[in-house]
Number of protein chains: 2
Amino acid sequence: MLLKSDEIKAAAVKYFTIYGYEGASLAQIGEEVGMKKQSIYAHFKGKDDLFLHVLQEAKEEYLYSKIKYFRDIDAQHPEKDLYGFLTMMIDLFQKNEQLKFWLRVSFFPPVHLTKVIDKEVDDVETQVRVVLEEKFQGWIDHKKVVDDSAKRLTLAFLGVVDSILVELVYGNDEKTLKEKLDASWRVFWRGIQ
Amino acid sequence: MLLKSDEIKAAAVKYFTIYGYEGASLAQIGEEVGMKKQSIYAHFKGKDDLFLHVLQEAKEEYLYSKIKYFRDIDAQHPEKDLYGFLTMMIDLFQKNEQLKFWLRVSFFPPVHLTKVIDKEVDDVETQVRVVLEEKFQGWIDHKKVVDDSAKRLTLAFLGVVDSILVELVYGNDEKTLKEKLDASWRVFWRGIQ
DNA sequence: TCCTACTTGACGAACGTTCGTCAGTTATCG
DNA sequence: CGATAACTGACGAACGTTCGTCAAGTAGGA
């Protein structure tokens, strides 16, 4: 059994993701967990407070799921590991509500919370880039990929990741998604060899 | 001097882009053009009607600016023309409010208008893909790029475009943008040769 | 064990505000 | 005169938020 506050957060993630901050109402969220909107105030100070709690959890989920993947891999199989990362991202985003929330919010944050959100997003992106760049440096040193700057290869790969995220946001069918992944990946991989 | 209805549409684009459909109010838009929100009803049937008019114009702008570019180029210089397309996209998005609007709306449409919007977005994407695919076929025939399927190369390039759009949405500084463009482009170009 | 004191979570009612919308009126101009 | 476009005024509905209250559960001391 979940804590009531966790139930509320789960419902909030859902509605914030679908309708956005302004489009989601506390009444809606309350109804989802079987309570009136006033009762939410027993658990959170208000809409902003609820949103920021959800944001924090989504950030951790996003950061953890991205960084964890690269923690335990060696410097021997960039092709398998990079491609595996892309498919993992696709799987995660289709399953995990928090990642969809993070994506929407980082793209189009509610204006009065832009400052906070941009800071968090920047923090996450930086951490991911650092971890990934170390990996690419390893692959370059082991001559597994082309002898280019690790920074450039990292940015290029993150570009591929972004293009996949866009496809996920558009919510196209599985087939289109796979084609897009296949196309981007093959050209990318040929480009870094 | 603009028509008043065009002024309203221009203000609407601005606020819809910044605050989203739910976050933008007619009062705000009216104030921008120096009239009361009720007066907007002399020009549009309501908020949805205004939004859909704006959507239609943005679609045409988006479609035209993308397709026009490829109309008048030959099959001889893919490197110059493809890279030129990317820099043009960057320029346009930084100047043109309607393209930012289109981007936001196509990513996260207001739920009750999802049907209409998705249809328009799909229409545009298909048209762009067709035009681009013809170009790639020409380059393949002239042996200017790798002998792969035109469809795959098209999707891969559109992936690069998407990754640039993401960067534009994030609104990072000029330097980061150029680095990202440089990285994605170099790897892509190496990958299709 | 029983009474009390305090906490927790949810409630109805109401607050002030804003929302989109409609009706009726006034002013401008060909 | 008729048409157009702006205005004022008012509408119900929904918004986030605050208030006082009430039932249920917990803790502690006599």
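Since the model is a prediction, treat every value here as computed from it, not as a measurement. Every chain is numbered from 1 and lettered A, B, ... according to where its sequence line falls, protein lines coming before strand lines.
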_Using OP1 and OP2 only, check whether a side-chain N or O of A:His43 sits under 4.0 Å from C:dT8._
no
_At less than 3.5 Å, do the side-chain atoms of A:Lys4 and the base atoms of C:dG9 form a donor-acceptor pair?_
no
*Please state how far atom CG in B:Leu26 lies from atom P in D:dA6, giving the value in whole angstrom units.*
15 Å
*Check whether the ring centres of B:Phe101 and B:Phe51 lie less than 6.0 Å apart, and answer yes or no.*
yes
*Please tell me which of A:Lys45 and A:Ser25 maps to the more 5' nucleotide of DNA chain D, matching each residue to the nucleotide holding its nearest heavy atom.*
A:Ser25
*Calculate the interatomic distance between A:Glu22 atom CD and C:dT18 atom C1'; express it in whole Å.*
14 Å
_Per A:Lys37 side chain, nearest of listed nucleotides D:dC15, C:dA10, C:dG20_ = D:dC15
*Determine whether the aromatic ring centres of B:Tyr21 and B:His112 lie less than 6.0 Å apart.*
yes
*Between C:dT17 atom P and B:Gln28 atom CD, what is the distance in whole Å?*
18 Å
*Looking at A:Tyr170, does the NZ or CZ of A:Lys180 lie under 6.0 angstrom from its six-membered ring centre and within 45 degrees of the ring axis?*
no
*Given atom CE of B:Met35 and atom P of D:dT8, what is their separation to the nearest angstrom?*
12 Å
*In whole angstroms, how far is the P atom of D:dT4 from the CG atom of B:Leu3?*
14 Å
*Nearest-Å distance for atom pair NZ/C1', residues A:Lys36 and D:dC22*: 17 Å
*B:Asp91 and B:Lys95: CA distance, side-chain angles, deciding distance, salt bridge (Lys or Arg N to Asp or Glu O under 4.0 Å) verdict*: CA-CA 6 Å; B:Asp91 274 4; B:Lys95 277 185 284 187; 5.2 Å; no
*Please say which of B:Tyr83, B:Phe85, B:Phe157 ends up in a ring pair (Phe, Tyr, Trp, His ring centres under 6.0 Å) with B:Phe188.*
B:Phe157
*Classify the side chain of B:Gln38 and the base of C:dG20 as holding, or not holding, a donor-acceptor pair under 3.5 Å.*
no
*Closest to the B:Lys47 side chain, choosing from D:dA5, C:dG20, D:dC7*: C:dG20
*Could you tell me the separation between the OH atom of B:Tyr41 and the C1' atom of D:dC7, rounded to a whole number of Å?*
16 Å
_Gap between atoms CZ and P, on A:Phe44 and D:dT18 respectively (whole Å)_ = 16 Å
*Does B:Ser39 make a side-chain N or O approach to OP1 or OP2 of D:dA5 shorter than 4.0 Å?*
no
